[in-house]
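So the structure is just underneath, and the comments pick up after that.
These numbers come from the heavy atoms of this one structure, side chains and all, not from hydrogens, waters or symmetry mates. Here is the naming used below: chain letters follow the sequence lines, and residue numbers restart at 1 for every chain.
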2 protein chains.
Amino acid sequence: MTGTRWLSDEEKRAWHAFVAASALVDRRLDLQLKESVGISHQQYGILVQLSGTCDHEMRMTELAEALLNSKSGLTYQISQLEKAGLVRRRSCTSDVRAVYAVLTEAGQKLLEKAAPGHVALVRELIIDVLTDDQREAIADGLGEVTRRILGDAAEAPGATDSPQAAAG
Amino acid sequence: MTGTRWLSDEEKRAWHAFVAASALVDRRLDLQLKESVGISHQQYGILVQLSGTCDHEMRMTELAEALLNSKSGLTYQISQLEKAGLVRRRSCTSDVRAVYAVLTEAGQKLLEKAAPGHVALVRELIIDVLTDDQREAIADGLGEVTRRILGDAAEAPGATDSPQAAAG
DNA sequence: ACCGGATCGTTCGAATTTGAACAAGAGATT
DNA sequence: AATCTCTTGTTCAAATTCGAACGATCCGGT
């Protein structure tokens, strides 16, 4: 153990920018969504995810994984959304254990109302701030970062299959 | 309301990579710090911030701003760190209201013990995954993102009167 | 049919975060 | 000095998050 490879100034600059931007952007989006339609960024993500599927529904575990959330955390949020009438639960006939979260009509309506302002703010805060090159570097670089972390967690099982759905 | 400028596939790719990487990296770092020295990523940030000053101390408000944290949140965390003996509070002679958070000897020791493993993981998860160009693009791009958000908040606190009479 | 292990979603308690309200002090104006 | 405004840090209740434990169910091999 000679010495730790500390971060150079240049590396620190990237690391700090990444951490700060993450916190700030998320907070701003959360704030706007709460003010405009009364839901959190987390809840917005759930609605978006559901609306991206053919039947506007998804199983709890599948949803939790897609949102990088814990199962218990999702149970809580789905309960909140259910109280608000934006989502309802549906049990599966073939597997009694399974539960589907289904986007309701009201949920779809709320999403359509929230989306324009949300996307506009995402653009204002980050997307339109970046140059094309920077945006591509982030997509490539952080995409690889994400892939590696997710790969580590689920390395043993074959992870080459994942029916993707375009999400907005 | 003609049309919202939705995100293109390329833009979505960058946005999703950014959000996912933020969540995943932070969670992994938090986990490691808790396992190795029993403190959260948040608390680690406080200790680092304090150790970076000449007298190893900083005022509460100043510290909260540097860490992009709420004042009440910092009060809580400093109390936790104080219980653990890693930080102590010191009141200011010239201003009775002011409180300094001071890094203790034990806090310094813990930081020195935690830092190598932490930095190594930061490298493994993100810094060493990126190419030089990607790292620079992130530093520049996300640095600008951060600067704008912080600038907005401080520059035009009351000047943001948007026409919002009609809800929604 | 039956057992052992894996999976599913929920429940529970503890830790953390947030914003609003608060008490106390500082600073400027009159 | 009296008063008004801003700042400082804490307290409080409510909301959220997490991991572990749980009951229930599914699946494969016997």
Which of these nucleotides, C:dG9, D:dT8, D:dG9, is closest to any side-chain atom of B:Thr75?
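Closest nucleotide among those given: D:dG9.
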Of the options D:dC26, C:dA26, C:dT17, whose atoms approach the side-chain atoms of A:Val96 most closely?
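The nucleotide sitting nearest to the side chain is D:dC26.
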Taking only side-chain N and O atoms of [X], does any of them lie within less than 4.0 angstrom of OP1 or OP2 on [N]?
| X | N | answer |
| --- | --- | --- |
| B:Ser70 | C:dT18 | yes |
| A:Ser72 | C:dT10 | no |
| B:Arg89 | D:dT10 | yes |
| A:Gln80 | D:dA15 | no |
| A:Gln77 | D:dA15 | no |
| A:Gln42 | D:dA15 | no |
| B:Asn69 | C:dT18 | yes |
| A:Arg59 | C:dG9 | yes |

Taking atom types as modelled, is there a side-chain donor on A:Asn69 or A:Gln42 under 3.5 Å from an acceptor on the other?
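There is such a pair between these side chains.
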Residues clustering with B:Leu86 (ILVMFWY side chains joined when closer than 4.5 Å, directly or via others)
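ILVMFWY cluster around B:Leu86 also holds B:Leu33, B:Val37, B:Ile39, B:Tyr44, B:Ile46, B:Leu47, B:Val48, B:Leu50, B:Met58, B:Met60, B:Leu63, B:Leu67, B:Leu74, B:Ile78, B:Leu81, B:Val87, B:Val99, B:Leu103, B:Leu110, B:Leu111.
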Over how many whole Å does the gap from [X] atom [atom1] to [N] atom [atom2] extend?
| X | N | atom1 | atom2 | value |
| --- | --- | --- | --- | --- |
| A:Gln43 | D:dT17 | CD | C1' | 13 Å |
| A:Lys34 | C:dT18 | NZ | P | 9 Å |
| B:Tyr76 | D:dT16 | OH | C1' | 13 Å |
| B:Leu33 | C:dA15 | CG | P | 18 Å |
| B:Leu68 | C:dT18 | CG | C1' | 15 Å |
| A:Leu74 | D:dG19 | CG | C1' | 16 Å |
| B:Ile78 | D:dG9 | CD1 | P | 11 Å |
| B:Leu63 | D:dT7 | CG | C1' | 17 Å |

Kindly give the heavy-atom pair with the smallest separation between A:Thr104 and A:Gly85, and that separation in Å.
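Residues A:Thr104 and A:Gly85, closest heavy atoms: OG1-O, 2.7 Å.
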Of the non-hydrogen atoms in B:Ala17 and A:Ala139, which two are nearest, and what is the gap between them?
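Looking at all heavy atoms of both residues, the closest pair is CB-O, 4.0 Å.
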I'd like to know if A:Arg97 reaches the base of D:dT25 with its side chain such that a donor and an acceptor end up less than 3.5 angstrom apart.
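When only heavy-atom distances are counted, A:Arg97 does reach the base of D:dT25 through a donor-acceptor pair under 3.5 Å.
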First of A:Lys71 and A:Leu31 reached from the 5' end of DNA chain C, by closest nucleotide:
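Going by which nucleotide is closer to the 5' end, it is A:Lys71.
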Which is more 5' along DNA chain D, the nucleotide nearest A:Ser40 or the one nearest A:Asp95? Just name the residue.
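The 5'-side residue here is A:Ser40.
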Would you check if the side chain of A:Arg135 reaches a backbone N or O of A:Val129 as a donor-acceptor pair within less than 3.5 Å?
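Absent.
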Does the side chain of B:Ser79 reach to within under 4.5 Å of the side chain of B:Arg89, using non-hydrogen atoms?
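Sidechains of B:Arg89 and B:Ser79: in contact.
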